[in-house]
Amino acid sequence: MEYNPRSIEKKWKKWWDDRQVYKVDNKSTKPKYYVLDMFPYPSGSGLHVGHPLGYIASDIYSRYKRMQGFNVLHPMGYDAFGLPAEQYAIQTGIHPAKSTADNISRYRAQLDNLGFSYDWSREVRTCDPSYYKWTQWIFLQLFGHWYDTAAGSSKPIQQLIFHFEHSGTAGLRAACSESLDFGAEDWKAMSSKAKSDVLMNYRLAYRKMTYVWWCEELGTVLANDEVKDGVSERGGYPVERKPMLQWSLRITAYAERLLNELQELNFSEAMKKTQSNWIGKSVGAQLFFDLDGHSDKLEIFTTRPDTIFGATFMVLAPEHELVSKLTTPAQKAAIEKYLAYVTTRSERDRMAETKEVSGEFTGSYAVNPFNQQKIPVWIAEYVLKDYGTGAIMAVPADDERDMRFADKFGLPVVHIIDKSMYPGATIEEKVGKMINSDFLDGMEVPDAIDLMIRRIEDMGIGFRKVNYKLRDAIYSRQRYWGEPFPIVYDKEGVAHPVKEQELPLELPELEDFKPVAGTKSPLARAENWVNLPEGWHRETDTMPGFAGSSWYFLRYMDADNDREFASKEALDYWRDVDLYVGGTEHAVGHLMYSRFWHKFLFDIGKVPTPEPYKRLINQGMIQGVIENIFLLKEKVDGESKFVCARIAKKMNPQEVVRIPVLVDYVANYGSPDSYLNQAGLEQFIKWRPEFENALFESESGCWQKGLQKNSQPGTEFKFYTLSEVGKMSKSKYNVINPDDVVEKYGADCFRLYEMFLGPIEQAKPWDTKGIDGVAKFLRKLWNLFYDENGKLIVSEQAPDKEELKILHTAIRKVTEDVERFSFNTCVSAFMICVNDLRSKNCSKKAILEPLTKLLAPFAPHLAEELWHLLGNETSVCLADFPVQNDAYLVQDVIAYPVSINGKKRDLVELPAGMDAAQLEELVLNLPSVKKWIEGKQVQKVIVVPGRLVNLVVV
RNA sequence: GCCCGGGUGGUGGAAUGGUAGACACGCAGGACUUAAAAUCCUGUGGCCAGUAAUGGCCGUGCGGGUUCGAGUCCCGCUCCGGGCACCA
């Protein structure tokens, strides 16, 4: 009987399905274990071989934990709101709800094809009203709370109102947009609009002015992703940054906790570093500069208050609210021109551009509070509105960017730090002795910083301040395909929450998904929905992608609950995610937001833990190989001018092959390995028959089999191939569908091969080259059960010592490696085990049965088949995972490498249990060693019992 | 530009600071076969010497350092991949 994955896999899939093997109960006497995958966005191109990498790993781990006696929650769902579905709708007219549902069925079919052990009864879809009801509900909680910095926790907004009524802002320590100062009487005198504005300053979900990319030509707001090189990616139209009043979430209130509590988590150090850097905590001073001739003060944040005597100019972000006030009539034209330029620039451009600085003088001056010197105020794009206060004091002597700016605009430089005592110290390092700095002169930098902050506080011109790079999350999207905000505005524009019993606030049906004139969201088209009695109206923006994905793991715990997002019982049982598997691309976005939401829900008593994810594993991206075939035309008339065409491996041959490539690029990739003339083309088509009818087009002519268009006699064509590695995407013709691989090799083989490719955390290109090795392994295993005549040859014989050692070596290795997520080495261990058993012709049940269980998490279908062949009737998925017995693993003999000065010179097999002295004596008398130490002095002998011997000779 | 990773044979990769290249792919030679496929066996980092057994030297992107010993730790570079706040 031959191993036939197709029939085996079909059979057991149905068997598992019929018996609901993967269904999980919220009540169990077993310990719980929650394994979560980052749920996919169901895109139109379907699942590719990169998606399942993490899913297979988490599935193996889930199955492993289940077999070890845990009640394992392993769910799956879809992150189903998003931009691509909406873009697709605009292009094709197909409603996002439909295309999303279609894509989901396709994803489901593809996932089902891989033998995952998901409990599908818990599936969630973020675009489902029964789900987004709770996304909206959480938003309303954020809207209804403020962050009490003194208590380190979120509190209901009513408590804040109570505080204002009794003492105004006195004694209040709260996360806010700007510090306000008013008394109880002031509060009581405020209009409802004024009160609402004040509360917005404290709410965790609040509205503020932020910028969006606007494309006039397309009549739509664009995502960063849709803007390339300052123009829209679609159509190449001009774009500009437009200010809009948008919802934001005050994640900055949680910055300190997000940073501190990160340390306790089992995340990779790289991930922790990325998140800490993103939070970007820095300590410094917030201080106010007087402005010459203005009553306003200029508020800046600096980590280097000690350098104030070197501050020779101030820089404001171009969007800073004081810019218009500070611009003098003489500078007006220049400033306006600069502002127009800045609206075309992305933040990335503004940060990245360091060689060519730009800026403009406002014509006004600030006053240095310590020496009363006038300091010119400039604006420049390298200062960002949302970081710090959107304004800096520039100290060219101590900051590279400020220096370049001073250089370019001829601004003075005052040296204030003597670093001669610290050779090799960079300009930014906080070391050196202060000079030219009045009362700071002679002090070391750290002391000077300290003293300066105290001075600033004494003078009442500022205070010590902790600043974070982390910015509040912009939460509005001018899109259709997202959660509507459960917010209505009254006549005065005051935002009110929709009543809880009115949730979910469903997305109205629309035919046209384009925004309404100006920057109004598509939802503005649903006038009946937007407009309410008495001049009230609904919010027309929708929530961003991260809304639904910030809490979905909680919903799986109790997915059908229509009274709460999850019941207290379910939350108390499952608590948090024990293992989370997903890509690093979510390091700062999704992970940060969901940690923030979770902490908020914890503060308001809705979840039992302050952190959502205990352990995080990041799978590397599976990249595609972009294979290009170049056809070059070489002019023979002496000129060495090349022209060439380029085609990607997976490109449909019917599509015209074009892309002229730069000569330099071609020249960099070695020499052509074959000529392409008519015969060469034949040869090429033999190698790549799919190009039989392709038309090869280069700048100067076209080629097709049997034809020779536009080519001059005497012209030679050369071709060669090269490979690049990059993201798998439709546009690169390198997407590989797992279904095709499963069709050919089976799901078990696919699972093992993806694991065998390399370490889970590493990015690697997909290549099916090695899959035969895995397929061979599976057949070899199969053939331990069946002989070549299809006869079952499993015997009841007792295993010998060696066979037990082979088995238990595998058990040990696989168990260790599963725990550390080293699945590629698990597969090697299986191969070694099967190879060893084969060489001993071992088909003993006492060996094969534990081996089958060991393999079950990796190749569940095959394991189930073998398990039943061995006479079992329950599922192998529920069997006990084998445990190693150290008694079988004892080594009698150890191979000691013997090194001289660190170089291996001999390998001697010695009985285990020799002590260091015995080993030393024995080794010194080895002939192979004598040869090396003859006439020399043995200075030192390093003996590591059980490992090695190293002699140091001179 | 900034942040985070990574670089080991022809290829994917293995290696608690302790025998570099496990396990595979590929390739070469052989067995079986009319033949091919499949399967099995043997070899396979490079260079040098030797008929051979074998022996020697070099070798983990580049340059330095720590150590008895470095792919692994430290410093400086370089190339590649990912992210940079409205793709998800």
Side-chain angles (χ1 to χ4, degrees), chain A residues 38-43 79 81-84 87 210-213 221-227 246 251 268-278 280 347-355 382 386 401 469-479 544-546 549 583-590 592-593 618 620-621 623 725-727 753 756-759 761-765 767-774 776-777 779-780 783 788 822 824-825 827-832 835 895-907 939-942 944 947-953:
Chain A
M38 286 185 185
F39 62 168
Y41 174 79
S43 86
D79 187 12
F81 271 135
L83 194 52
Q87 295 293 14
T210 43
Y211 287 78
V212 293
W213 281 117
V221 173
L222 297 178
N224 282 339
D225 218 41
E226 301 172 287
V227 178
Q246 302 198 84
I251 187 173
S268 71
E269 285 310 308
M271 175 62 60
K272 289 186 186 177
K273 245 190 228 168
T274 308
Q275 289 209 1
S276 323
N277 289 337
W278 184 261
E347 279 194 8
R348 179 110 38 105
D349 291 340
R350 288 171 58 170
M351 300 294 282
E353 190 74 76
T354 52
K355 289 196 185 78
Y382 76 87
D386 287 321
R401 245 177 341 187
K469 213 178 279 170
L470 182 72
R471 309 204 302 250
D472 282 344
I474 300 169
Y475 199 66
S476 289
R477 300 292 182 266
Q478 290 69 48
R479 307 283 183 188
F546 70 79
S549 61
T584 35
E585 65 272 23
H586 298 286
V588 287
H590 160 64
M592 199 71 93
Y593 297 132
N618 296 113
M621 181 176 296
Q623 296 154 317
V725 167
K727 262 188 181 174
Y753 183 58
F756 191 56
L757 270 178
E761 308 212 67
Q762 201 170 293
K764 54 215 153 224
D767 203 327
T768 35
K769 263 199 320 221
I771 199 166
D772 286 330
V774 174
K776 240 184 257 179
F777 154 73
R779 277 198 300 271
K780 286 181 191 172
N783 291 333
E788 61 265 38
S822 176
N824 56 330
T825 51
V827 180
S828 299
F830 283 122
M831 289 173 169
I832 292 168
N835 286 344
Y896 277 94
V898 180
S899 307
I900 317 289
N901 291 338
K903 262 190 205 301
K904 188 186 119 191
R905 295 299 177 184
D906 200 2
L907 188 65
Q939 210 167 50
K940 202 170 171 185
V941 182
I942 293 119
V944 185
R947 282 236 76 111
L948 57 72
V949 182
N950 186 22
L951 308 180
V952 184
V953 298

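Note on naming: letters A, B, ... go to the chains in the order of the sequence lines (proteins, then strands), and numbering restarts at 1 for each one.
- A donor-acceptor contact under 3.5 Å links the side chain of N950(A) to the base of C68(B).
- From I474(A), atom CD1 reaches atom OG1 of T210(A) across 4.5 Å, with rounding to the nearest 0.5 Å.
- No donor-acceptor pair closer than 3.5 Å links the side chain of N824(A) to the backbone N or O of L757(A).
- Separation of atoms CZ (F777(A)) and CG (N835(A)) is listed at 8.5 Å; rounding is to 0.5 Å.
- Put simply, CD1 on I942(A) is 18 Å from P on G17(B), counting in whole angstrom units.
- Between K940(A) and G69(B), a side-chain N or O to OP1/OP2 separation shorter than 4.0 Å is absent.
- At whole-Å resolution of the value, CZ in R477(A) and P in A85(B) are 11 Å apart.
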>> Treating primed atoms plus P, OP1 and OP2 as sugar-phosphate and everything else as base, which nucleotides of nucleotides 10-15 of chain B get B, S or - for protein heavy atoms under 4.0 Å?
In response: -SBSSS
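- Straight-line distance from the NE2 atom of H586(A) to the P atom of C84(B): 10 Å, rounded to whole Å.
- Rounded to the nearest Å, the gap between the P atom of U42(B) and that of A24(B) is 12 Å.
- Looking at heavy-atom distances under 4.0 Å, I832(A) makes contact with sugar-phosphate atoms alone, never a base.
- If you check every strand for non-hydrogen atoms under 4.0 Å, K469(A) touches a base.
- You won't find any donor-acceptor pair under 3.5 Å spanning the side chain of Q275(A) and the base of C3(B), going by distance alone.
- Along RNA chain B, the nucleotide closest to K273(A) and the one closest to R779(A) are compared, and the more 5′ of them pairs with K273(A).
- For I771(A) and C25(B), the CD1 to P distance is 12 Å, given to the nearest whole Å.
- Because its glycosidic torsion is more than 90° from 0, G46(B) is reported here as anti.
- For A20(B), neither phosphate oxygen OP1 nor OP2 lies less than 4.0 angstrom from any side-chain nitrogen or oxygen of K904(A).
- Of all nucleotides listed (A88(B), U39(B), G5(B)), A88(B) comes nearest to the side chain of D79(A).
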>> Let me check I have this right: for RNA chain B, each base becomes ., (, ), [, ] or |, based on Watson-Crick or G-U pairs with both distances under 3.5 Å. What is the full string?
In response: (((((((..(((.....[....)))((((((.......))))))(((((....)))))..(((((..]....))))))))))))....
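- Comparing atom distances between the M831(A) side chain and each of C86(B), A88(B), C23(B) picks out C23(B) as nearest.
- Within the 4.0 angstrom heavy-atom criterion, base atoms lie near L470(A).
- No contact: G589(A) has no heavy atom under 4.0 Å from any strand.
- Within 4.0 Å of L948(A), counting heavy atoms only, lies at least one base atom of the nucleic acid.
- Across all strands, W278(A) comes closer than 4.0 Å to base atoms (heavy-atom distances).
- Q939(A) places none of its side-chain heavy atoms less than 4.5 Å from the side chain of V953(A).
- The shortest distance between side-chain heavy atoms of M592(A) and W278(A) falls below 4.5 Å.
- Using modelled atom types, one finds no donor on one side chain facing an acceptor on the other under 3.5 Å when comparing S828(A) with T825(A).
- Look at N835(A) and you won't find any side-chain N or O under 4.0 angstrom from OP1 or OP2 of C23(B).
- Within 4.0 Å of S476(A), counting heavy atoms only, lies at least one base atom of the nucleic acid.
- In this entry the distance linking CD of E269(A) with C1' of G6(B) reads 17 Å, nearest Å.
- Proximity of K940(A) to L951(A): side-chain heavy atoms (C-beta onward) are nowhere separated by under 4.5 Å.
- At C86(B), none of the side-chain N or O atoms of R471(A) fall inside 4.0 Å of OP1 or OP2 (strictly under the cut-off).
- When ring centroids are compared, Y475(A) and F546(A) come within the 6.0 Å threshold.
- Phosphate proximity of C86(B) to R479(A): absent, as no side-chain N or O sits under 4.0 Å from OP1 or OP2.
- Rounding to whole angstrom units, CD of residue E761(A) and P of C4(B) are separated by 17 Å.
- Not a single donor-acceptor pair, N or O on each side, falls under 3.5 Å between the base of C68(B) and the side chain of Q939(A).
- Side-chain contact between V941(A) and V949(A): present, with at least one pair of heavy atoms (C-beta onward) separated by less than 4.5 Å.
- Both V774(A) and P897(A) lie near RNA chain B, and the one whose nearest nucleotide falls closer to the 5' end is P897(A).
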